[in-house]
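This structure is a prediction, so every number in the text was calculated from the model and none was measured. Excluded from the calculations below are hydrogen atoms, water molecules and symmetry mates; all remaining heavy atoms, backbone and side chain alike, are included. Atoms within a ligand are numbered from 1 in the order they appear, just like the ligands themselves.
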Amino acid sequence: MSNYHIKHLEEYFQVYRKSVRNPEVFWEEIAEEHFVWHKRWKNVLSWDFSKPEVKWFEGAKLNITENCIDRHLKIRGNKTAILFEPNNPDEEAEHITYLQLFERVNKFANVLKQEGIRKGDRVCIYLPMIPELAISVLACARIGAIHSVVFAGFSSTALSTRINDSDCKMVITSDGSYRGNKTVDLKGIVDDALNQCPCVISVLVAKRINSKINMKENRDKWLQPLLDEASNSCEPEIMDAEDPLFILYTSGSTGKPKGMVHSTAGYMVYTAYTFKNVFNYREEDIYWCTADIGWITGHSYIVYGPLANGATTVMFEGVPNFPDYGRFWQIIEKHKVNQFYTAPTAIRALAKEKLDFVEQYDLSSLKVLGTVGEPINEEAWHWYNDHVGKKKSPIVDTWWQTETGGMMISPIPYVTPTKATYATLPLPGVQLALMDEQGKEIKENQVDGRLCVVYPWPAMARTIWGNHQRFKETYFSTFENKYFTGDGALRDEVGYYRITGRVDDVIIVSGHNLGTAPIEDAINEHQAVAESAVVGFPHDIKGKALYGFVILKETGETRVHENLRKEINQVITERIGPIAKLDKIQFVPGLPKTRSGKIMRRILRKIVENDTANLGDISTLLNPEVVEAIIEGSLVK
Ligand code: WTA
């Protein structure tokens, strides 16, 4: 059906118009023709952004794993579903067929049940990028348990906060993980975290690095022996369309992380549809997304979207620079990858290395290149286009968020003409608006506004776990009757969107969203620190890096500042994880504040961007004199 696979630009406009004129009919046709349901919906959509409440396909019954696995068995049983490429290139890649995936998911699901997990229970998954990660996600979905995957780079404190927030009964982890030539003691991190988590009653441990670890009696069990004993058939739990499928935490500008709740049917329909169109996916293609399943990109476009299309999805355990900077390109050649999806930060890091790393590999299999996670700069875009795509593979710059569940703005390859740094056009079903700060809609071109979505789409998050009020305040209160993304954007004369970056206190470092508040809280825990403020500053590879302004309690602090810097980063590593470490720390006598005591981050941002000529009016500050002192001591000059 033409709706499902768009083939030329005129068709895109037709499909888009239809999706706007009658969204319900549009999504209903897709849902009807491309998925298996146990019961049909009564109502395609009901919604009210003021509450907010959104329901798609209400009344329908399904299990997403039947759509991602079972239904493919007849025609694709021996096709590779997951292609696992280990950290070490000398270790053999593993081809898991749909039939094998079916059996492994069923066994795992039976183990979960046997360990007391039931529909609606929360299960925390803290695993490296090994097949068990995808399999455990699907096993939860098979029995209707709600998975909460926590990226295995988070610290024990960050992990325990997430476990407790959603009352997880179980944690699934491994003895450790490989990262390049290092190993990480994941089980040790879990043990530390669980000292603070009374809700967890059992821990399943996958073996990966064969290290010696502690196993707590009556709580911890090795996974493999349980799987060996389990039956390979597990009837899927029949779920309601709106039953939660998973929780995934994302940073907010303030407070603790937000557990975004995604529901089943709408998420499935939307991720499958966007996967197929945005990657121009064809039956025999090999698709590779380099994200970690600990982030939304991995959920939607390593696991659910590709598998719902019966695709072969590559899972890579390692890092781009091990054993050398050619690893990505070597993997593309080895597996003849057709679609490659990565982040601007990775592109920038690889573009800095010798071209020889790319040129020695045959990349002719590539048909589509993708990018996601932060705005891609012009230079990185061209490098990707010239040296990886050889000017033949269109780049899909996909804008979306943990909250949106799937891609929202993106070119459709071979259909939408691309333009460097522009995510281009909204996908079918996505209705956007740009708003000014006063709440008026911006109709002009090239005017930076706040990006909003004015109509529901099937994969949107339904709430924040345990805090619907916060969901409403964060996303639906800034502009009446609109979902506010937190991003700035502008539109060009042909209607292409360019994302200009966050307009709130979220900073994207190497593609990871970090809220300033939790980092400042961590810094302030250091005994020598009185107060702090964190802002982002431009960085060649990371996009943005973190700059911390720190006021010490005693100005006569005897410890050398270098040591203090290390200690402060140590606290951050413990509280959040190494991804939130500060690149620069400046000790300051004070922070610019409004008369009501609010830190003026805008001024600090200008200072670190070396744009002190445009500080604006600082005379209304409580303490304008500190601004001069901060500029004096600034580390970016
Ligand atoms: C940013 C990742 C520019 C944006 C899927 C968004 C982007 C945040 C792009 C969400 C892009 C993502 N161009 N900016 N193509 N894609 N972003 O929740 O600021 O990890 O709000 O989801 O990343 O990050 P998240």
Ring pair (Phe, Tyr, Trp, His ring centres under 6.0 Å) partner of Phe476, chosen from Trp47, Phe484, Phe49: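 Single ring pair (Phe, Tyr, Trp, His ring centres under 6.0 Å) partner of Phe476 among Trp47, Phe484, Phe49: Phe49.
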Reference residue Phe275; test ring pair (Phe, Tyr, Trp, His ring centres under 6.0 Å); the match among Tyr341, Tyr304, Tyr270, Tyr287: Tyr287
Check against side chain to side chain contact (heavy atoms under 4.5 Å, CB included), Asn280 and Ile412: CA-CA 7 Å; Asn280 189 25; Ile412 294 176; over 6 Å; no
Centroid-centroid under 6.0 Å between Trp457 and Tyr273 rings: no
Phe154 six-ring centre to Arg162 NZ/CZ under 6.0 Å and within 45° of normal: yes
For residues 423-440, dump all side-chain donor-acceptor pairs below 3.5 Å to protein atoms at least two apart in sequence or in another chain.
residue: Asp436; atom: OD1; partner: Gln438; partner atom: N; Å: 2.9
residue: Asp436; atom: OD1; partner: Gly439; partner atom: N; Å: 3.0
residue: Asp436; atom: OD1; partner: Lys440; partner atom: N; Å: 2.8

For ligand 1, the residues whose heavy atoms come within less than 4.0 Å (ordered by chain, then number): Ile296, Thr297, Val372, Gly373, Glu374, Pro375, Asp397, Thr398, Trp399, Trp400, Gln401, Thr402, Asp487, Ile499, Arg502, Ile508, Asn513
